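First comes the structure, then the notes that go with it.
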Amino acid sequence: HALKNDMAVLDIEHPWYDCRDTARYEPFMKKDKMTNILRPRKLRDLAETKLNRIIQIAGQEHCPVEDANAALDLYKKARIKWEKAMGYKYNRTKEIEQKNVIE
């Protein structure tokens, strides 16, 4: 969840098409009431609504293992649709790149 931050801290570069970030997956996002722009939801809220799991209890330290497990379980729950969407985005990007090379 919010992998970009973790990757930056670890100084890891990873291609966009190999990343699955629950903070950036549109079906897991919510629309801002004022602007109608999609915004990431908190991992705590996603875990509760999508997995029926309570994590990140107020007043207690976050457990990174618990957070990672919740993010992975969210991915697993949406994997088929998610991979189909990523396949489309990847193929479309390649088509555009190919078209730009030809022109």
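Not measured: the values here are computed from a predicted model.
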Connecting only ILVMFWY residues whose side-chain heavy atoms lie within less than 4.5 Å of each other, what is the rest of I54's hydrophobic cluster?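 Besides I54, the cluster holds I57.
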
Output the rest of the hydrophobic cluster of L38: all Ile, Leu, Val, Met, Phe, Trp and Tyr residues reachable through side-chain heavy-atom contacts under 4.5 Å, sorted by chain and number.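 Grouped by the 4.5 Å side-chain rule, M29 form the rest of the cluster around L38.
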
Only counting residues at least two apart or in another chain, list the ones meeting salt bridge (charged side-chain N to carboxylate O under 4.0 Å, His left out) with [X].
X: R39; answer: D32
X: R79; answer: none
X: K94; answer: E97
X: D73; answer: R53

Who are the side chain to side chain donor-acceptor pair (under 3.5 Å) partners of [X], not counting sequence neighbours?
X: T93; value: none
X: E95; value: R92
X: E66; value: none

Can you list every ring-ring contact (aromatic ring centres under 6.0 Å, His included) pair that touches residues 36-57, not counting sequence neighbours?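 Sorted pair list comes back empty.
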
Which pairs count as ring-ring contact (aromatic ring centres under 6.0 Å, His included) when at least one residue sits in residues 43-62, sequence neighbours excluded?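 Matches after skipping sequence neighbours: none remain.
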
How many angstroms lie between atom [atom1] of [X] and atom [atom2] of [Y], to the nearest 0.5 angstrom?
X: M7; Y: C19; atom1: CE; atom2: SG; result: 4.0 Å
X: T22; Y: L46; atom1: OG1; atom2: CG; result: 6.5 Å
X: K30; Y: K42; atom1: NZ; atom2: NZ; result: 7.5 Å
X: I96; Y: N91; atom1: CD1; atom2: CG; result: 11.0 Å
X: K76; Y: N69; atom1: NZ; atom2: CG; result: 8.0 Å
X: H14; Y: D6; atom1: NE2; atom2: CG; result: 13.0 Å

Between E83 and Y88, do the side chains contain a donor N or O and an acceptor N or O under 3.5 Å apart?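 E83 and Y88 do not have a side-chain donor-acceptor pair below 3.5 Å.
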
Check the side chains of R41 and T49 for a donor-acceptor pair under 3.5 angstrom, ignoring hydrogens and angles.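 A donor-acceptor contact under 3.5 Å links the two side chains.
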
If I compare all heavy atoms of P40 with all of A23, which pair ends up nearest, and what's the gap?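 Reported closest heavy-atom pair: CB-O, 3.3 Å.
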
Taking all heavy atoms of A70 and all of L51, pick out the closest pair and write down the distance.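 Minimum heavy-atom separation between A70 and L51: O-CD1, 3.6 Å.
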
For K50, is there any backbone N or O sitting under 3.5 Å from a side-chain donor or acceptor partner on K77?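 Present.
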
Around atom CG of N52, are there more than 12 heavy atoms of other residues, nucleotides or ligands at under 6.0 Å?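 Counting other residues, nucleotides and ligands, CG of N52 stays at 12 neighbours or fewer.
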
Which residues share a ring-ring contact (aromatic ring centres under 6.0 Å, His included) with Y25, sequence neighbours left out: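 Once residues adjacent in sequence are excluded, the partners of Y25 under the ring-ring contact (aromatic ring centres under 6.0 Å, His included) criterion are F28, W82.
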
Does the side chain of K81 come within less than 4.5 Å of P27's, by heavy atoms?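 No, every pair of side-chain atoms sits at 4.5 Å or beyond.
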
